[in-house]
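Beneath this line is the structure, given in structure tokens, with notes to follow.
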Number of protein chains: 2
Amino acid sequence: MGTTQLESVPEPKYWHLKTVLSDALDSEFAVGEILPNERDLAARFGVARATLRQALEQLELEGRLQRRRGVGTTVAPPRMGVAVGDAGHVWPGAATDSWQAVDGVEAAPPAAVARLLGTGAEESVHTVRRIRRTHGQAVAAELLYVPAASVPGLAAIDAPGGAARARAVLRELQRLQLEGQERSVELGSARADDAKQLDRLPGSPVLVVTTRYSAGGGTAAVAVATYRADTCRLTFDGLLAG
Amino acid sequence: MGTTQLESVPEPKYWHLKTVLSDALDSEFAVGEILPNERDLAARFGVARATLRQALEQLELEGRLQRRRGVGTTVAPPRMGVAVGDAGHVWPGAATDSWQAVDGVEAAPPAAVARLLGTGAEESVHTVRRIRRTHGQAVAAELLYVPAASVPGLAAIDAPGGAARARAVLRELQRLQLEGQERSVELGSARADDAKQLDRLPGSPVLVVTTRYSAGGGTAAVAVATYRADTCRLTFDGLLAG
DNA sequence: AAGTGGTCTAGACCACACC
DNA sequence: GTGTGGTCTAGACCACTTC
């Protein structure tokens, strides 16, 4: 008894640091501005560099900061909204979308995708790689899996591979009657190849959007799109009357 | 010249460690099984504990592991799919939904929410806190903001606050004609209060789902739901014919 | 060459769960 | 009390960008 209520819970240093930095970002820094380097910041707050980094990591996760090796830490602009909702309920590759076909090959999909497609474990499917750009920046990398049965007209084309073949697959898809699509969103970490295309380090947090396209009573295609979690806010369009 | 192609890129230790552990999880561990503790694991792989922890953090981010202080690290079950799509296009609080009202107060919303609502900066609104449980586990915490103008019948009720008042607000909402809803999903880190209700540490990664409900030509309510990113996969229902 | 963030180490102590 | 994961330190070196 007698002790006045002051101790409270020992809030972690990095947590307190994060709130202090967050307030400073709001009041004292402009978007794009460069922060002092990590060693200076750590010294200024009287903590080890690792602790300071823990706070910066959180702020980067929340999209408040952007860190680039060899360059520095800058104040990030607000996240951009990117529409993943069904703008018009169309197949991937419609003329209006913001994706760019990069490559197309034939290969066996990951087990999880094969399960969604309902194909055999080792059965190879058309695999199209696309990139989505918004305001000049790459925001998402996608792998689209299309079983040969979904695009019967494609055999005649026989493009060698590469972007031309990718476009051919997308073109054939448009012929089908799209009956529905199911989507899911979850947190993931960027694989090495995706990270490279998104200009991020491997392992950086991404939002993985998996879409199952239905046609002819079955699954005609599956898309796995990897969005940069630091810069993107996924938007789903109004679902009733607008 | 002359040097054979062997050096390659120096892959970070924690990254390599992560893939090794990931493979081991697939082949040698069952869901729910407890892993050796971090000090033992680090010694076994010949790395510092901090490096081992970096690999574990990634695996936890991907939903492969679950770590609990004082207990240990266990193999996580596959993420559960939780529907955030518009199951029936209904107001929050409909009889069918899986949310539980916890508290209701009147307070000024955060600036970002006030902007969505179109209310004044300091204008207070009904604020309902709800929790969503699936399979007995808390998967999401939500704050629902409802301007007084949206629920004109509420003044007569004048519940004191708490769960009863929260339910009253939800009940009044059902009277309105829902015209549409817009949703967005982004990555965030759990605030202290949300973390507590979700049985996570503050700062753990969450998926923030913001929904704007339209009625009467304006915004009738805004919901900010915080989902555990480690255990949840958000699903959006089929949008055309099923 | 200089400066930045990214990785890694080998310790220490703390908060929490369980016995 | 014992054992677990969580926090923190004070260094070191590496990879990358820029000048």
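Chain naming here is simple, since letters A, B, ... match the order of the sequence lines and numbering starts at 1 in each.
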Whole-Å gap separating C1' (D/dA12) and CZ (A/Arg39) | 10 Å

For B/Arg53 and B/Glu38, run salt bridge (charged side-chain N to carboxylate O under 4.0 Å, His left out): C-alpha distance rounded to whole Å, both residues' side-chain angles, the deciding distance at 0.1 Å, then the answer.
-> CA-CA 7 Å; B/Arg53 276 180 62 81; B/Glu38 298 182 348; 3.1 Å; yes

When the distance from CZ of B/Arg200 to C1' of D/dG5 is rounded to whole Å, what number comes out?
-> 12 Å

Can you check whether B/Asn37 has a side-chain N or O nearer than 4.0 Å to OP1 or OP2 of D/dT4?
-> yes

How far apart are the closest heavy atoms of A/Ala223 and A/Tyr213, and which atoms are they?
-> CB-CE1, 4.0 Å

Axis deviation across the helix from C/dA1-D/dT18 to C/dC18-D/dG1, five-pair ends, to the nearest 10° | 10°

Under 3.5 Å side-chain donor-acceptor pair for A/Arg68 and A/Gln66 | no

To the nearest 0.5 Å, how far apart are CZ in A/Arg200 and CG in A/Asp194?
-> 13.5 Å

Does OP1 or OP2 of C/dT4 have a side-chain N or O of A/Thr73 closer than 4.0 Å?
-> no

For A/Tyr145, what residues pass the side-chain hydrogen bond (donor to acceptor under 3.5 Å, both in side chains) criterion, not counting sequence neighbours?
-> none

Indicate the atoms forming the closest heavy-atom contact of B/Leu198 with B/Ala141, along with that distance.
-> CD2-N, 3.8 Å

Expected rows: protein N/O vs nucleotides 17-19 of chain C N/O, under 3.5 Å:
none

If the plane angle is over 60° it's perpendicular, under 30° parallel, otherwise tilted; pick one for A/Phe236 and B/Phe236.
-> parallel

Indicate the atoms forming the closest heavy-atom contact of B/Val146 with B/Ala221, along with that distance.
-> CG2-CB, 4.1 Å

Find the distance B/Leu201:CG to C/dC14:P and express it as a whole number of Å.
-> 18 Å

What integer distance in Å separates B/Phe45:CZ from C/dA10:P?
-> 17 Å

Specify the closest pair of heavy atoms between B/Val75 and B/Leu25, including all atoms of both residues, with the distance to one decimal.
-> CG2-CD2, 3.8 Å

Among residues 46-57 of chain A, which residues get a heavy atom nearer than 4.0 Å to DNA chain C?
-> A/Arg49, A/Arg53

Across all chains, not counting sequence neighbours, the salt bridge (Lys or Arg N to Asp or Glu O under 4.0 Å) partners of A/Glu186 are B/Arg79

Tell me: CD of B/Glu38 to C1' of D/dG6, nearest whole Å?
-> 8 Å

Distance-only donor-acceptor check, side chains B/Arg64 and B/Ser22, under 3.5 Å | yes

Donor-acceptor pair between B/Arg132 and B/Tyr227 side chains, under 3.5 angstrom = yes

Per the side-chain contact (heavy atoms from CB on, under 4.5 Å) rule, which among B/Leu144, B/Leu117, B/Val113 passes with B/Val125?
-> B/Leu117

When the distance from CG of B/Asp40 to C1' of D/dG5 is rounded to whole Å, what number comes out?
-> 13 Å

Quickly work out the B/Gln58 CD to C/dG6 P distance and round it to whole Å.
-> 13 Å

Within residues 12-23 of chain A, residues whose heavy atoms come under 4.0 Å of DNA chain C | none

Atom pair distance, as rounded to whole Å: CD1 in A/Ile34 and P in C/dG3 = 15 Å

Any side-chain donor paired with an acceptor under 3.5 Å for A/Glu62 and B/Ser189?
-> yes

With no angle test and no hydrogens, is the base of D/dG6 tied to the side chain of B/Arg68 by a donor-acceptor pair under 3.5 Å?
-> no

